Amino acid sequence: MKVAVLISGRGSNLQALIDAQIKTGAEIVLVISSVEGAQGLERAAKAGIPTIVINHKDFDGRQPFDAAMTDAIEAGGADFVCLAGFMRILSDDFIAHWRNRLINIHPSLLPAYKGLNVQQRVLDAGEAQAGCTVHFVRPEMDTGPIIAQAKVPVMADDDAGSLAERILEQEHVIYPEALRLIAEGRVRIENERVLIDGAATDAPDNFA
Ligand code: GRF
């Protein structure tokens, strides 16, 4: 499977996917950043992966921006797309074009805590646990069939930063794992729910 990864910043999840390429069987053939100078671009370059910056400001609206991304992804030879800290909202056309070939990682136990500033909201609500989710992308933000989730405890002395770090560690585990399951052809979607072949026997507890 040939994958394009879309980023806007640090790219630590991109790094996890790069490091796991042999294990996942998902080769990263292109990294697109919506932000010039994003740290993830350096990570890609270091790994010898082609990069492009596509800045929404150079386009007249979301649709031409997304069309340019689809063109770049296809020209780069990718047939699957991973969002990894990509901070632009995607058009319905883009999401439809890549339906079931487009996944995202989000730092909460979806469907709880969609959107931004998740860790602070989790702390403010007094939750005892937090986590992360890998899911197929659907037009409504942070929705779509869930492939994998991991839980972490919320500690009494956590601030948003320490909680984010604990969640991020798990993100770096479940994102490559989810991609591996997809690359192995073990993930099916039925009635908008994910079914994983062999999940009951050999998947870790964290996996749905
Ligand atoms: C991660 O917390 C991810 O869940 C969210 O954005 C953050 C990206 O971090 N979608 P990084 O750029 O992968 O380090």
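For the single chain, residues carry numbers from 1 onward in sequence order. Note that the structure is predicted; figures quoted are calculated from it, not measured.
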Step-by-step side chain to side chain contact (heavy atoms under 4.5 Å, CB included) determination, Leu163 to Val122: CA-CA 9 Å; Leu163 181 57; Val122 163; 4.0 Å; yes
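- Few gaps surround CG on Leu195; more than 12 heavy atoms of other groups in view lie less than 6.0 Å from it.
- Annotation: side chain of Ile146 is not in contact with side chain of Phe136 (no heavy-atom distance under 4.5 Å).
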Arg99 vs Glu192, salt bridge (charged side-chain N to carboxylate O under 4.0 Å, His left out): CA-CA, chis, key distance, verdict: CA-CA 12 Å; Arg99 189 178 169 86; Glu192 286 298 86; 3.5 Å; yes
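- Under a 3.5 Å cut-off, the side chain of Asp66 and the backbone N or O of Ser91 do form a donor-acceptor pair.
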Check against side chain to side chain contact (heavy atoms under 4.5 Å, CB included), Lys2 and Phe80: CA-CA 6 Å; Lys2 295 200 186 304; Phe80 196 91; over 6 Å; no
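- For the atom pair CG of Asp79 and CE of Met1, the computed distance is 7.0 Å after rounding to the nearest 0.5 Å.
- Arg10 places a side-chain heavy atom less than 4.5 Å from the side chain of Leu168.
- We find the CD-CD1 distance between Glu171 and Ile105 to be 4.5 Å, quoted to the nearest 0.5 Å.
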Steps toward side chain to side chain contact (heavy atoms under 4.5 Å, CB included) verdict (Leu90, Leu83): CA-CA 11 Å; Leu90 294 161; Leu83 305 179; 3.8 Å; yes
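- Between Ile18 and Lys46, every side-chain heavy-atom pair lies at or beyond the 4.5 Å cut-off.
- Met69 contributes atom CE, which lies 11.5 Å from atom NE2 of His56 (distance to the nearest 0.5 angstrom).
- Ring planes of Phe86 and Phe65: parallel class, angle under 30° (limits at 30 and 60°).
- With hydrogens and angles ignored, the 3.5 Å screen pairs a side-chain donor or acceptor of Ser108 with a backbone N or O of Tyr113.
- Remark: the backbone N or O of Thr143 is paired with a side-chain donor or acceptor of His135 at under 3.5 angstrom.
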Arg188 vs Asp197, salt bridge (charged side-chain N to carboxylate O under 4.0 Å, His left out): CA-CA, chis, key distance, verdict: CA-CA 8 Å; Arg188 281 177 295 135; Asp197 293 338; 3.1 Å; yes
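- Distance alone, capped at 3.5 Å, places no donor-acceptor pair between the Glu42 side chain and the Gln39 backbone.
- Using a distance-only test at 3.5 Å, with no hydrogens or angles considered, no donor-acceptor pair links the side chain of Ser162 to the main chain of Asp158.
- Glu27 contributes no side-chain N or O that, together with a main-chain N or O of Val3, makes up a donor-acceptor pair within less than 3.5 Å.
- Note on residues 67-77: pairs passing side chain to side chain donor-acceptor pair (under 3.5 Å), not counting sequence neighbours, are Thr70-Trp98, Glu74-His97.
- Put simply, the side chain of Lys151 does not reach to within 4.5 Å of the side chain of Gln170, judged on heavy atoms.
- Between atom NZ of residue Lys57 and atom CG of residue Asp60 there is a gap of 15.0 Å, rounded to the nearest 0.5 Å.
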CA sep, side-chain torsions, deciding dist, call: Glu127, Arg121, salt bridge (charged side-chain N to carboxylate O under 4.0 Å, His left out): CA-CA 9 Å; Glu127 301 280 5; Arg121 285 159 51 214; over 6 Å; no
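- Salt-bridge check for Arg186 with Glu184: passed, with a basic side-chain N closer than 4.0 Å to an acidic carboxylate O.
- No path of Ile, Leu, Val, Met, Phe, Trp and Tyr side chains, each step under 4.5 Å between heavy atoms, connects Leu6 with Val31, placing them in separate hydrophobic clusters.
- Distance alone, capped at 3.5 Å, places no donor-acceptor pair between the Ser34 side chain and the Ser8 backbone.
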Step-by-step side-chain hydrogen bond (donor to acceptor under 3.5 Å, both in side chains) determination, Arg138 to Asn100: CA-CA 9 Å; Arg138 296 292 183 257; Asn100 299 345; 2.7 Å; yes
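- Between the side chains of Asp93 and Gln63, at least one donor N or O sits under 3.5 Å from an acceptor N or O.
- Not a single side-chain contact (heavy atoms from CB on, under 4.5 Å) links Glu169 to another residue, sequence neighbours left out.
- Here the straight-line distance linking atom CD1 of Ile147 with atom CD of Glu177 works out to 12.5 Å at 0.5 Å rounding.
- Cluster membership for Ile32 and Leu14, using ILVMFWY side-chain heavy atoms within less than 4.5 angstrom, is not shared.
- Separating the CD atom in Gln120 from the CG atom in Asp124 is a distance of 4.5 Å, to the nearest 0.5 Å.
- Screening Cys132, Cys82, Ser12 for a side chain to side chain contact (heavy atoms under 4.5 Å, CB included) with Tyr175, the sole residue that qualifies is Cys82.
- Between His106 and Leu110, the closest heavy-atom pair is CD2-CD2, 3.5 Å.
- No single ILVMFWY cluster, assembled from side-chain heavy atoms under 4.5 Å apart, contains both Leu41 and Val81.
- Nearest heavy-atom pair across Ala78 and Val29 is CB-CG2, 3.7 Å.
- With contacts defined as side-chain heavy-atom distances shorter than 4.5 Å, the pair Leu17/Asn13 does not qualify.
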Intermediate values then yes/no, side chain to side chain contact (heavy atoms under 4.5 Å, CB included), Leu102 and Ile95: CA-CA 7 Å; Leu102 174 62; Ile95 292 168; 4.2 Å; yes
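- Put simply, the side chain of Asn191 never gets that close to the backbone of Arg193: no donor and acceptor are under 3.5 Å apart.
- Both Ile174 and Val194 belong to a single network of hydrophobic side chains, linked directly or stepwise wherever heavy atoms of I, L, V, M, F, W or Y lie under 4.5 Å apart.
- A continuous path of ILVMFWY side-chain contacts below 4.5 Å connects Ile189 to Ile196, so both sit in one hydrophobic cluster.
- Looking at every heavy atom in both residues, Ala178 comes nearest to Val134 through CB-CG1, 3.7 Å.
- In this structure the side chain of Gln129 never reaches within 4.5 angstrom of the side chain of Pro153, judged on heavy atoms.
- Distance alone, capped at 3.5 Å, places no donor-acceptor pair between the Glu36 side chain and the Val53 backbone.
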